[in-house]
Amino acid sequence: MMFPAQEYTGTLSEIASLNRETLRSIVEGPYPQANASIPEDEENFDKLVLSYEACMDTKSDNTSGIVGLAEITSKIAQLFPVDDADYRLSKALAIAHSWISNAQYVKESNQIVVPAAMSQPPLSWPGAPRYLSYGSSGYVQAHELTHGLDTNLGLQWDQDARYRRWWDNASAAAFEERALCFVDEFSRMPVLQDDGTPLRGEDGNPVYVNGTVTVAENVADSGGLNLAYDAWRKLEDASPSPQLPGLEGFTNDQLFFLAFGQTWCQKIPRDILLSGNILENPHSPPFTRILGTTANAKPFRDAFQCKKQETACELW
């Protein structure tokens, strides 16, 4: 999937009020890169990869194999230069955690780590209409790309992965002011249980999402969904995707957003929600990642012909 960084330029200049120099730094890059090389000790590296593949043989009971992956992860890490710990970590994660459907942005090396599991159902559907994959796996990858320009990582680490505040003061202030909208929006969202009823704490009062702790992830969700939609829409305009049998009642745009919602379809037990998951987790609960993010997506409102067309918050 391709998400050209230039996709950002229109919304960056119009919404985020970035000045010309800051905008040029973003557009010219460099941008988050995939892992580009393998260790010099290729023979031992290849042996470890073969061992890993044996552990991940899904045709048999691989429980014992998974237990041994910690040892393999340790050996992989030892193949990288000792003075390059962050890069070593990102490479190890990209290999040893490839069965996990959870990408990440590594600020110290300006890399996006996308495990192999991201290219498999139910996040990616080879041969299926593009709106399914772009609405799920595409959104996740675009979310990670957006972290390079968010309130925590993006403002503090420049395009060369150096720790410095590289935006000018006016642009950073305008960006952070708009980010406050996300803080207020999510802080007003009550946490819901699986049955749809509000979660209440030990004192009997409703529990709300921590909009301050989750702001960077919420901004990345919003930017990621919009970026994935724009990338998919360009392909769709050039070559429309076919409809799926039995789902003719939905437009392709609606199916894109349904695929996004399905990405966060999960249950979280009440005791887990109350054990610090809400107040300390930098990610909002799954249901708010659906409700809040779509509330900030104009294409979603257009696709479902919502009566209220104004988005709650805009940054990208």
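- Rounding to the nearest 0.5 Å gives a distance of 13.5 Å between CZ of F287 and SG of C265.
- The backbone N or O of L291 lies less than 3.5 Å from a partner atom in the side chain of T294, making a donor-acceptor pair.
- Residue E202 places its CD atom among 12 or fewer non-hydrogen atoms of other residues, nucleotides or ligands, all under 6.0 Å distant.
- Checking S241 against E236 by side-chain atom types alone, a donor-acceptor pair falls below 3.5 Å.
- The NE2 atom of H283 lies 3.5 Å from the CD atom of E217; values are rounded to the nearest 0.5 Å.
- In this structure, S171 contributes its side chain and D168 its backbone to no donor-acceptor pair below 3.5 Å.
- Contact between P198 and Q193 at its shortest, heavy atoms only, is O-NE2, 3.4 Å.
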For residues 253-260, dump all side-chain donor-acceptor pairs below 3.5 Å to protein atoms at least two apart in sequence or in another chain.
residue : atom : partner : partner atom : Å
D253    : OD1  : R233    : NH1          : 2.5
D253    : OD2  : Y229    : OH           : 2.4
D253    : OD2  : R233    : NH1          : 3.1
Q254    : OE1  : T251    : N            : 3.0
Q254    : NE2  : A303    : O            : 3.0

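- Taken to the nearest 0.5 Å, the CG atom of L199 stands 8.5 Å off from the CG atom of L192.
- Residues L274 and G201 come closest through the heavy atom pair CD2-CA, 4.1 Å.
- Atom CE in M189 sits 6.5 Å away from atom OG1 in T288 (nearest 0.5 Å).
- Across F300 and C306, no two heavy atoms sit closer than the pair CE2-SG, 4.3 Å.
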Q: Determine, stepwise, if the pair E185 / N218 fulfils side-chain hydrogen bond (donor to acceptor under 3.5 Å, both in side chains).
A: CA-CA 10 Å; E185 176 191 16; N218 296 333; over 6 Å; no
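- Between the side chain of R301 and the backbone N or O of E310 there is at least one donor-acceptor pair closer than 3.5 Å.
- Minimum interatomic distance between G261 and I290 (heavy atoms only, all atoms of both residues): O-CD1, 3.4 Å.
- R270 places a side-chain N or O within donor-acceptor distance of the main-chain N or O of R200, the cut-off being under 3.5 Å.
- The environment of CD in Q305 is sparse: at most 12 heavy-atom neighbours from other residues, nucleotides or ligands sit within 6.0 Å.
- The shortest heavy-atom contact between P190 and R188 is CD-O, 3.3 Å.
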Q: Take T293 and W264 through the side chain to side chain contact (heavy atoms under 4.5 Å, CB included) test and state the conclusion after the steps.
A: CA-CA 12 Å; T293 305; W264 296 117; over 6 Å; no
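- Each ring-ring contact (aromatic ring centres under 6.0 Å, His included) pair with one or both residues in residues 182-219, not counting sequence neighbours, would appear here, but there are none.
- The closest side-chain heavy-atom distance from V213 to E280 is not below 4.5 Å.
- Considering only heavy atoms from C-beta on, W232 comes within 4.5 Å of N252 through its side chain.
- Under a cut-off of 6.0 angstrom, the local environment of CG in N169 is sparse, with at most 12 non-hydrogen atoms contributed by other residues, nucleotides or ligands.
- Counting all heavy atoms, side chain and backbone alike, A228 lies closest to A142 at N-CB, 4.1 Å.
- If you take CD on Q141 and OG on S136, they are separated by 9.5 Å, rounding to the nearest 0.5 Å.
- Among pairs with a residue in residues 200-232, none fulfils disulfide (SG to SG under 2.5 Å), at least two apart in sequence or across chains.
- Residue R289 forms a side chain to side chain donor-acceptor pair (under 3.5 Å) with just one option from T263, D221, T214, and that option is D221.
- Distance check, rounded to the nearest 0.5 Å: CG of D230 to CG of L225 gives 9.5 Å.
- Of the charged side-chain nitrogens involved, none lies within less than 4.0 Å of a carboxylate oxygen, so that K267 and D194 do not count as a salt-bridged pair.
- The backbone N or O of W125 lies less than 3.5 Å from a partner atom in the side chain of S133, making a donor-acceptor pair.
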